[in-house]
Amino acid sequence: AQSVTQLGSHVSVSEGALVLLRCNYSSSVPPYLFWYVQYPNQGLQLLLKYTTGATLVKGINGFEAEFKKSETSFHLTKPSAHMSDAAEYFCAVSEGDSSYKLIFGSGTRLLVRP
Amino acid sequence: GAVVSQHPSWVICKSGTSVKIECRSLDFQATTMFWYRQFPKQSLMLMATSNEGSKATYEQGVEKDKFLINHASLTLSTLTVTSAHPEDSSFYICSASEESSYNEQFFGPGTRLTVL
């Protein structure tokens, strides 16, 4: 069965500092991997996704993530945090089969200190 | 592109009444739609998956007679919470996927349901 683990329910960084949000997954088949962001009382917005090809994926708002099969990881990074990045971030995995189901991690709340 | 809307954005109802939430894909045909429930400060829990013209597939533990899902067209799915109770109060989010999107789901803005 698939699962997603996000280490750290809260991550706090200073404005301008590196952002690193961790995501590890388990999947019996090559996964499709996603990072979503959620602002309060809103739905989810896709930041980036990995399906096939290049393992370093660039997304919106300066975020990127690298798929590391050997480590079963898909960590999200951003070189310099901005106050507007404060939100909840969810990592998700799909097996890429016809079910299209996403399994979400528990989420990480990013706090950005001025 | 790939915009999903939900209506209403929030609703307050009395215990025992039924509430219908609509989910629409505005600029694409959604072969599959999903309904999630999110409690405060928690992750999204998948309730059910629906394909146009077919019965919804419910996740384990979700009462299909309480949460009625209809996916009558490629752009509209509805979730009806029947005989709502205070414990049904939650944030309900729908998403939609089109066949060629590498399993990417496009999410609606969510509906906040409060049952008094």
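First the proteins, then the strands, lettered A, B, ... as listed; each starts at 1.
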Practice item. Begin from the C-alpha positions of B:Leu44 and A:Leu44 and carry the test side chain to side chain contact (heavy atoms under 4.5 Å, CB included) through to its verdict. Key: CA-CA 10 Å; B:Leu44 280 72; A:Leu44 274 65; 3.8 Å; yes
Check your understanding: Do the side chain of B:Ser43 and the main chain of A:Gly107 share a donor and acceptor less than 3.5 angstrom apart?
Key -> no
Exercise for review: Please say whether more than 12 non-hydrogen atoms of neighbouring residues, nucleotides or ligands are located less than 6.0 Å from NZ in B:Lys66.
Suggested key: yes
Check your understanding: Quick check: are there more than 12 heavy atoms from other residues, nucleotides or ligands sitting under 6.0 Å from CZ of B:Arg112?
Key -> yes
Exercise for review: Please flag which part of B:Gln38 lies under 4.5 Å from any non-hydrogen atom of chain A: side chain, backbone, both or neither.
Suggested key: side chain
Is [Y] reachable from [X] through a run of I, L, V, M, F, W or Y residues, each pair having side-chain heavy atoms under 4.5 Å apart?
X        : Y       : answer
A:Phe104 : A:Tyr50 : no
A:Leu48  : A:Leu18 : no
B:Tyr92  : B:Tyr36 : no
A:Leu111 : A:Phe90 : no

**Study point:** Least distance between heavy atoms, B:Phe107 atom then A:Leu102 atom
**Key:** CZ-CD1, 4.4 Å
Check your understanding: So which part of A:Leu46 gets closer than 4.5 Å to some heavy atom of chain B, the side chain, the backbone, both or neither?
Key -> side chain
Point to revise | A:Gln38 versus chain B, the contacting section by heavy-atom distance below 4.5 Å | key: side chain
Check your understanding: Does A:Lys101 reach the side chain of B:Gln105, with side-chain heavy atoms less than 4.5 Å apart?
Key -> no
